[in-house]
Amino acid sequence: MADTKREIERKYESEDSGLPDLTKVAGVETVVDKGVARLDATYYDTPDERLMASSITLRRRTGGSDAGWHLKFPVSEGVRDEIRAPLSDTLPDELAALVRSRVRDVEVLPVVRLRSDRDVRHLLDAEGRLLAEASVDTVHAERLSGGVGETQWTEIEVELADGGDPAFLDKVDKRLRKAGVRPSGSSSKLARALAETAPKKKSPVTGDPVTAGDHVLAYVRAQRNAIVELDPAVRQDAEDSVHGMRVATRRLRSTLKSYGEVLDRAVTDPIGDELKWLAGELGVDRDREVLAERLSAALDEVPGALVSGPVGERLSAWSGVRPGGASARLIGVLDSRRYLALLDTLDALIADPPLLKAAGKKPHKVIAKAVRKEFRKVSGRVGRALELEPGTDRDLAIHEARKKTKRTRYAAEAARPALGKPAKTMVKAMKALQNLLGEHQDSVMARQTLRELSAVAHARGESAFTYGLLYGREERRAAAVEAELPGFWDGIKGTADAL
């Protein structure tokens, strides 16, 4: 069984002088010599180093106090989440699943072997509590595939104790710098080993987006990256990870539609269909979860004397609340051939995009035209909704307006690097309109659910009074949105004029 540890550390270049006196660090009472540990780690990656390209490390290590398999994901500079699994001869399934969105069907192979002699010191406070572990690591690296040769170096590593205050590392840093020690130029031992043993390659030419195609592809690439990067978080049921992946999927699908003059829709529409499928699968549990939260919060506001029957129990049973962990159904989606094929297709789209003539033009005109076109669709949908009487037809019209609003928002997000402030203003206006219309749609869905729950309660001889009470409150919330919409729209309908 794998477990996760938040690792907060800093690395420094080291000569033969070793560690300076760290008892002079504020808060350190004692420095305890813990001896030398001999560590032997083999790092794994695909032949084209896909994990390293995402700053992910996967290793099998023996020696020391934490022998086993370690998978590290970057969180921020100097901060990583390390997922550990017991030592075994082959990569544990739970770790293999967490890198599947990166490696797909490609086998991970040993790429580097690192053997280190780690001279360890524990920094303790006046009460004997561990503040951090400081070590001098003498490292010997051997390239196993994808390069040649060996290299070696010595470095200092300072890792914060579990639950420690990250500010303590600033104090250690100050002391090390005063002693002439400087931060390492590499983010990790693996990064340094790969760099120093890699075959020489010509540096790629990079630069800022220039054409309309450059801007659109940059946004497409960002959403593809978000899907891939959120995959492990979804598998681990991290907070908001499913929502984040679903939004990235929708953004990408919307962009392919909005910028049909840049990317050939004969190629991208089938990809959009697959993205729609993925968004739908991600939404199965998410939509019900959000609606359940809304109804539970509404029920909490009802005085106890007005709650008739087991309403809370009925709501919990309907929501299907899970005790924790991603659903087996969703894990099955992420492990499916269809999902992995979609990721491969997105990679191919970015590597060889189906660019049309407009893609080579200057971005302002092409991109602004696409955003204005989407905004006109929003205007038509809102106008249609305002013409209708309250009821089912208006509910559907408002829902359609909301969908077009989201597409316009995503088109404007993609346009921000090219159009600047006008696009930013459009994003802000569309987000506000989306929230307003979303409140209406949530009320529609809540009322539908309340009718269903009420019917179940009635069939079982229970009172339907509370469901009716909640239904009436949802009606009033929807009516308030409909009353607000005309004035709200008047305030933003000129937003596209600045594009």
Heavy-atom neighbours of [X] [atom1] exceed 12 at 6.0 Å:
X      : atom1 : value
Lys377 : NZ    : yes
Asp93  : CG    : no
Lys276 : NZ    : no
Glu157 : CD    : yes
His122 : NE2   : yes

Please assess Glu439 against Arg294 for the test side-chain contact (heavy atoms from CB on, under 4.5 Å), listing each intermediate value before the final yes or no. CA-CA 11 Å; Glu439 171 65 18; Arg294 180 186 181 97; 3.0 Å; yes
With the side chain counted from C-beta on, respond yes when [X] and [Y] share a heavy-atom pair under 4.5 Å apart, and no when they do not.
X      : Y      : answer
Trp277 : Val333 : yes
Ile398 : Gln441 : no
Leu349 : Leu256 : yes
His399 : Val444 : no
Val79  : Arg6   : yes

Less than 4.0 angstrom from a charged side-chain N to a carboxylate O is my criterion; do [X] and [Y] meet it?
X      : Y      : answer
Arg460 : Glu462 : no
Asp165 : Lys171 : no
Arg384 : Glu400 : no
Asp231 : Arg100 : no
Lys257 : Glu374 : no
Asp442 : Arg402 : no
Arg329 : Glu281 : yes
Asp45  : Arg102 : no
Glu452 : Arg314 : no
Arg80  : Glu82  : no
Glu413 : Lys431 : no

Heavy-atom closest contact ([X] atom, [Y] atom, distance):
X      : Y      : answer
Tyr259 : Ala411 : OH-O, 2.7 Å
Ala370 : Ser258 : CB-O, 3.7 Å
Gln223 : Leu252 : CB-CB, 3.9 Å

Can you tell me how the ring of Phe375 sits relative to the ring of Trp489, calling it parallel under 30°, perpendicular over 60° and tilted otherwise? parallel
